[in-house]
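Contents: one structure, followed by commentary.
Given the structure is predicted, the values throughout are model-derived calculations rather than measurements. Quick note on labels: first sequence line is chain A, next is B, and so on, each numbered from 1.
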Number of protein chains: 2
Amino acid sequence: MYVANRSNTRFSAVKITDVAAAAGVAPMTVSRVLNTPERVSPDTAARVLEAIETLGYVPNLIAGGLSSRRSRMIAAIVPTIASPMFHEPVQSFTDAMGRAGYHVMLALSGYGEADEATLVRAVLARRPDGLLLTGAHRTPAVQRLLATAHVPVVEMWDTAEHPTDMLVGLDHAEVGAEVAAFFAARGHTRFAFLGASDIRATARRRGFEQGVAAHGGTLVAAKTVNAPGTILDSREALRAIAPELTGRRTALFASSDLVAFGAITEARLLGIEVPTQLAICGFGDFELSRGASPAATTVHVDGTAMGLLAAKHLLARLAGHATAGVHRSLVPFHIIERETS
Amino acid sequence: MYVANRSNTRFSAVKITDVAAAAGVAPMTVSRVLNTPERVSPDTAARVLEAIETLGYVPNLIAGGLSSRRSRMIAAIVPTIASPMFHEPVQSFTDAMGRAGYHVMLALSGYGEADEATLVRAVLARRPDGLLLTGAHRTPAVQRLLATAHVPVVEMWDTAEHPTDMLVGLDHAEVGAEVAAFFAARGHTRFAFLGASDIRATARRRGFEQGVAAHGGTLVAAKTVNAPGTILDSREALRAIAPELTGRRTALFASSDLVAFGAITEARLLGIEVPTQLAICGFGDFELSRGASPAATTVHVDGTAMGLLAAKHLLARLAGHATAGVHRSLVPFHIIERETS
DNA sequence: ACGTGGAATGGTAGCGATAACAGATGGACT
DNA sequence: AGTCCATCTGTTATCGCTACCATTCCACGT
């Protein structure tokens with residue numbers, strides 16, 4: 001009879017049975033020392049730990065994951081990490097989950113058409129214990145995948161009536177409306193928008209437009225650039241709408257601080273005075289807006305808090321507080337008035 | 001006798017045996033359809049694929065990984081993703097590895113003392129098929145871990161005589177020397193350095209200082225800020241060295257474009273004319289340096305190429321071209337002359 | 001003395017996939 | 001017709017851990 005022999009083993013990796021043998025205990029006890037040390041007597045634990053040290057044992061989480069049906073891993077999907085908008089929440093989320101013993105696997109979806117379903121599928125193949133997604137609007141295909149996977153999901157950076165599961169969001173329309181109100185309160189009547197065409201920037205734009213209308217103002221220009229919106233694109237866009245900006249005082253809402261910076265830069269070159277002739281408000285409160293001169297007025301959203309909150313919700317769910325009500329929170333925002341308004 | 005029964009199963013996840021049963025084949029055939037489709041007859045494959053589709057089967061890579069001893073996962077460790085210096089290579093590396101069927105798991109080490117060994121250990125527990133590390137200098141503890149793990153390693157962004165394994169590096173000292181030469185060729189004799197205190201920025205600084213000395217110049221000021229170096233820190237640092245900068249023409253090398261931007265901004269506020277009185281060269285060629293006005297002279301390093309090259313080396317090794325010579329390449333760099341020099 | 005219960009540890013059987021073979025089948029060629 | 005080989009599919013035995021229950025031991029109360 002045939003006997004399988006996987007002797008292709010490239011080298012002899014130390015495994016839990018080796019440690020157990022060296023410490024004179026059962027493998028199960030080694031496992032307990034690593035996972036539930038409080039259930040092992042202190043001196044056995046010490047002996048096991050010593051064996052682990054001398055053998056240089058590194059537990060195999062793949063095997064452990066298969067057996068326990070828990071990967072201790074969370075997958076996070078964001079469009080890009082190039083923007084502080086995403087790397088701040090991701091970083092704080094990663095830190096917080098790390099403290100709780102979870103690794104975060106990051107996946108980049110890009111802004112393009114790239115099929116989110118394919119990405120989610122690939123990610124689910126690793127059986128993450130939880131998911132952090134960007135935005136709150138999923139295609140039916142993705143919804144189906146998530147539903148059958150039975151994985152806790154946190155969505156961030158957007159809001160929706162019925163999120164997939166948990167949500168730590170931001171009401172972009174409200175942001176736009178608030179910025180319009182902010183400008184209106186300072187006597188502005190002519191408004192303009194400059195920004196990226198992604199879903200959330202578009203929501204801010206719509207909120208802004210409605211706010212402008214509500215305050216009886218007029219939108220004299222609105223120009224979109226490709227997401228995520230670069231400085232150079234923004235400068236070009238500002239040049240394009242410059243004719244609308246000369247002569248009369250205008251208030252511009254930029255979809256991100258990068259776009260705002262481009263607008264400020266180009267305005268200076270065109271001789272449009274900021275903020276007297278052109279007032280500008282950005283979004284994101286990037287380091288750049290604080291560091292540049294003039295420092296940019298912008299909308300501050302606490303990305304770090306968002307990541308932390310997402311982690312908190314997810315950890316609560318993972319700890320089994322499954323039915324502890326709906327987890328849906330909106331992150332507050334506020335306008336930081338600096339030198340460009 | 002006791003019979004184990006893990007009926008804690010929260011729900012019935014579809015597994016390979018379900019698909020096999022539905023398609024009327026053996027599980028092994030399903031596995032082959034997914035991994036080596038060329039070894040399965042077209043109509044069997046079609047039947048299996050259909051079963052996969054109707055059942056909504058998502059393969060379990062944890063189980064597959066345990067069995068095949070290949071996780072199809074690469075771990076990447078970088079200090080931060082907040083800087084283009086790291087997110088560019090990481091992004092291109094991730095893309096390239098993704099095209100080859102590997103997922104990249106990102107881990108952030110920070111710039112602090114945080115024990116790299118602990119992080120590497122945690123990462124190795126997931127049995128990655130390869131590792132991408134930042135820098136070329138490992139502590140003995142990490143070296144031991146990597147050696148016993150028998151995992152291909154690529155180190156990037158630095159250079160060393162004897163890298164751990166493969167290397168896609170940059171000679172920072174040479175960068176510093178080149179910048180000194182660049183300034184010297186334009187008649188500068190007074191030089192200054194402003195930058196972060198991390199290992200690679202320090203290497204650039206030393207190369208710059210040696211270059212300055214070689215050209216008979218004098219270093220009139222050198223100030224370091226905490227890594228990674230923010231705009232505001234840089235502005236403050238420039239104020240501190242401003243007395244050395246007034247009156248006589250000076251050439252400043254900044255350890256990153258962010259630092260350079262801070263210097264440019266503060267110089268303008270102090271009435272120090274750029275570039276006539278103070279010439280500035282940054283490092284990294286960030287979007288900011290292209291987009292700002294004046295556009296900053298800087299050292300361009302192709303981060304995307306670096307990530308791609310790292311992926312290429314790693315994939316070659318993973319494909320079994322194990323002994324195909326030393327994989328150690330230096331990424332070229334060049335100075336982009338713009339408006340601040 | 002004896003039952004009771006808690007703490008510590010061990011034995012066994014999977015978790016869900018794949019490596020390594022072993023058939024089965026059929027066509028090409030002698 | 002018989003041999004050989006290539007192609008396809010199936011069977012078996014792991015991969016290295018952990019859940020589940022069993023067992024042992026000892027302190028304690030009655």
Run the side-chain hydrogen bond (donor to acceptor under 3.5 Å, both in side chains) check on A/T80 and A/S83 step by step: do they pass? CA-CA 7 Å; A/T80 171; A/S83 160; over 6 Å; no
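No more than 12 heavy atoms of other residues, nucleotides or ligands sit less than 6.0 Å from atom CD of A/E50.
Side chain to side chain, A/R126 and B/H103 meet the donor-acceptor criterion of an N or O pair below 3.5 Å. Looking only at atom types and distance, the side chain of A/E155 has a donor-acceptor partner in the side chain of A/T164 under 3.5 Å away.
Regarding contacts with the backbone of D/dG10, a side-chain N or O of B/T29 is found under 4.0 angstrom from either OP1 or OP2. A/R69 has a side-chain polar atom (N or O) that falls below the 4.0 Å cut-off from OP1 or OP2 of C/dG16. A/Y57 has a side-chain polar atom (N or O) that falls below the 4.0 Å cut-off from OP1 or OP2 of D/dC17.
For the atom pair CH2 of B/W157 and CZ of B/R200, the computed distance is 8.5 Å after rounding to the nearest 0.5 Å. One finds the OG atom of B/S68 at 8.0 Å from the CD1 atom of A/I62 (value rounded to the nearest 0.5 Å).
Residues B/L167 and B/M156 have side chains not in contact (no heavy-atom distance under 4.5 Å, counting atoms from C-beta outward).
In this structure, B/A63 reaches the bases: a heavy-atom distance under 4.0 Å links it to at least one base atom across the strands shown.
Taking a 4.0 Å limit (strictly below) on heavy-atom distances, residues 32-56 of chain B reaches DNA chain C at B/N35.
Closest approach of A/V14 to A/D18, counting heavy atoms only: CA-OD2, 3.5 Å.
Remark: C1' of D/dC17 and CZ of B/R127 are 11 Å apart, rounded to the nearest angstrom. Rounding to whole angstrom units, NZ of residue B/K15 and P of C/dT18 are separated by 14 Å. Here the C1' atom of nucleotide C/dT9 and the CD1 atom of A/I16 are 14 Å apart, to the nearest Å. Whole-Å rounding puts the B/D18 CG to C/dC15 P distance at 12 Å. The interatomic distance linking A/R126 (CZ) with C/dG16 (P) rounds to 17 Å, in whole Å.
Between its two ends, the helix from C/dA1-D/dT30 to C/dT30-D/dA1 turns its axis by 40°, counting five pairs per end and rounding to 10 degrees.
The nucleotide whose nearest atom lies closest to any side-chain atom of A/M28 is, among D/dA19, D/dG10, C/dG16, D/dA19. For A/P27, counting side-chain heavy atoms from C-beta on, the closest listed nucleotide (D/dT18, C/dC15, C/dT9) is D/dT18. Picking from C/dA17, C/dG16, D/dA19 the nucleotide with the shortest atom distance to the side chain of A/L66 gives C/dG16.
You'll find a donor-acceptor pair under 3.5 Å spanning the side chain of A/S67 and the base of C/dG14, going by distance alone.
Aromatic ring orientation, A/H313 versus A/H327: tilted (interplanar angle from 30° to 60°).
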